[in-house]
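Here the structure comes first, spelled out in structure tokens, and everything after it is commentary.
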Amino acid sequence: MRVAVEGAIGEENELLAARVRLLEGLVSRTELADCTQHALQWLGGTLTLSRSICLVRLLGEQSLIVTGAHGIPGSSLSSFSVSVDDWANPLVTALSHRKQTFFPAAHSAADRRRRPSTPFEDAAFYVVPLGSEIADEAFGLLLVGGTGPLPSELRWFTTIFSQKLDQILRSQALVEGDRRQGRERSLLYNIINAVTDPILLTDTEGRLLIANSRALTLFTASEEESEGRRGAVRMNNMLLSSALSSKAIEETGAARRELLLVNPVDGSDLVFELLSTVTEDSRQGSGVVSILRNVTDLRRASEEIEEGYRKMRLAEAQSRAESDRLNLIIDSVADPIVVTDAAGATSLMNEPAERLFTIPPNASAIEQRWVQANDAHFSSFIAGMLVSADQRRIGEIGLVDPRAGEAMPVEAIAGKILSDHGELTAVVTILHDRREALEKAHLYEQLKQASDELERKVLAATGDIAQQNELLRRQAIELEQASALKTQFLANMSHEFRTPLNAMLGYTSMLLQGVAGNIEPSIRRQLLRIESNGRHLLTIINEILDISRIEAGRMPLQISRFKIPELVGEVKAELEPIIMRSKLTVTMQIDRDLPPVSSDRQKVKQILLNLLSNALKFTHHGSVAIVARRDARDRTLQLSVADTGIGIASADQDRVFEDFRQLDNSPTRAYGGTGLGLSICRRLAQMLDGRISLESAVGRGSTFTLTLPLKGRR
Ligand code: ADP
């Protein structure tokens, strides 16, 4: 019993000593691999678990890696790891459910499919989860080869080993965290130093906590630096704290405003845009993060851009005004104008051009075709212009007026517009409708033809007229000759008649005067008849002779000054026998202040004799009045013979002055005479620059008036 107890005590002591060995080994080790190695060796030596592998999931990793093994060849371990995302893997299930599992030895493919792939291959093994006591999930697995039941001591081992591993993993995580924090801090500094804008963190009192190098040059200066530089830095700090302490920040927590600072390097003005944000940190308290963006250049640039923009707007307005003016001019021109660009595309056209080259809404199919044809003709003209080197081009284009549907030949005058660099910018074309010009030319041609025709006809007619004139001239000459011959004949014949007639009258007069002795009364009557008829014949012959002389221009004038009353008295005295026989009252009314007249006395007397004898002849009862008066208005003398005789019808009043004209031409006519008296009177009056006029009414009498110029003939 004692031996047994001693034996039991001896085993217990041995176990305790083994536990102490493990604990000592673990305490002195801090590395994961070192600890694992020691622990697995202890398992092999103490608990005779000769084959074991330890798998651990490191902090932040997604797989279990081998931290150590015992009794397993290194070559089969190198590629062994387990992904925690591989949910189908029984090892992951054991890990997540913290479940101890036994995998018996595999004898078939089906067995293998149910087992995880491990360095134990087909051999049986246990999986024991390793984990902290407070966590649900395990952080590692202990794989132990063997088929027999696991020793109870393994539970103590797992607890101790897990605690040690947990401790190492935690301390590793802390170290890693510190390292990462250090890295992040230096990265942060690098980043803020790399930023060209000054960045700074200040506390609520305005003290600088963190600043990048750009901010340091503006807001910090060491004692060694110049006074000017330190002054500038002091000034900048004041400006910054006043900007940060402004009400805007307190109210809104963030603000964006302009901050004017001094450049400590050269003292120049710097304009910054200050963007500040209040940050709340539970450990450090609240602070203000400020980012300063240098806008000095930006402001200058923006001013320049603004100025440029203003100029551009001005130029644009000017160019728009110019373009409006141009449009106005183009629109006010009646001829179509088209502006095309360097590629030949139309960029501008006025209204007359639109009528030719654009299809109006509701246009008929034929109108559309005409517009398209116009476009094609114009485009080919412009294409020719673009390829030629000429600056100007004048050509004819056969267009169609789409509204009227009639042909519209135009003269196209195109000019190229070049830029300052000599590049073609546009082509301006003016189209001049030639229809009117062509119509005018056509009309002119017609007019010219008509005028030529007229000229030909006039020439022909002139020829005819000239011929007629020539004929007339010859006839006139012939007539003149005939008239001269007639006159000559009459003059001769009158002379031939008058000489024997005067002789006959002389002898008759002598017989009547009793030169041949007393004559019987019956013979006296016969002789008186001979004398009367002879005298009548002599009158006729004298009158014919007068007409002939006048016509032949051989009636000379003898101008003298004489008094009218005397002349009238003489005429009346000469006709006294006839007056006595007629039993008519003959009166004389002569103006007292009648001046003497300068004229041919004989011819005036002949006229008055004729008028008075006609009055006596054609008046059967009543009276005959001789009136002489002066007309002061036209300085004439008027000698009138007015009778109360038979009168003359108005239709005959002109005819009585014609040669040989007697109103009564019947064979039984009551009055004698030749019909030459009045004709001679009118011609004589004309020779004396005077005239004879007549007023008469049938049955009431006639008044013949001789009007002579008072001053007479010059
Ligand atoms: P005649 O020798 O026939 O008188 P005149 O030349 O003197 O020719 O007159 C022409 C005609 O005019 C006359 O035959 C007569 O018919 C008409 N006649 C002339 N004087 C008068 C008159 N005082 N009253 C009416 N008829 C007159």
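Computed over heavy atoms, backbone and side chain alike; hydrogens, waters and symmetry mates excluded. One-based numbering, in listed order, for ligands and for the atoms of each.
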* Would you call Arg524-Glu520 a salt bridge at under 4.0 Å N-O? ->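 Salt bridge: no.
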* Asked: So does Glu445 pair up with Lys448, basic N to acidic O under 4.0 Å?
  ->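 A salt bridge is absent here (no side-chain N lies under 4.0 Å from a carboxylate O).
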* To do: Using only heavy-atom distances, determine whether the side chains of Ser640 and Thr705 contain a donor-acceptor pair under 3.5 Å.
  => yes
* Asked: Between Ser509 and Gln513, is any side-chain donor less than 3.5 angstrom from a side-chain acceptor?
  ->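 Yes, side-chain donor-acceptor contact under 3.5 Å.
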* Based purely on interatomic distance, does Leu678 place a nitrogen or oxygen under 3.5 Å from a nitrogen or oxygen of ligand 1? ->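 Between Leu678 and ligand 1, an N or O pair is found under 3.5 Å apart.
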* Asked: What part of Asp643, side chain from CB on, backbone N/CA/C/O, both or neither, has a heavy atom under 4.0 Å from ligand 1?
  -> side chain
* Asked: Rounded to the nearest 0.5 Å, how far apart are CG of Leu678 and CD1 of Ile692?
  -> 7.0 Å
* Quick one: does Lys617 get a heavy atom under 4.0 Å from ligand 1? -> yes
* **Proximity winner for atom 1 (P) of ligand 1, if only heavy atoms of Gly677, Ser679, Gly675 are counted** => Gly675
* ligand 1 atoms in contact with Ala615 (distance to a heavy atom under 4.0 Å) ->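 It comes down to these atoms of ligand 1: 23 (N).
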* **Numbering as shown, the atoms of ligand 1 that approach Asn610 to under 4.0 Å (heavy-atom distance)** =>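 Listed by number with element: 7 (O).
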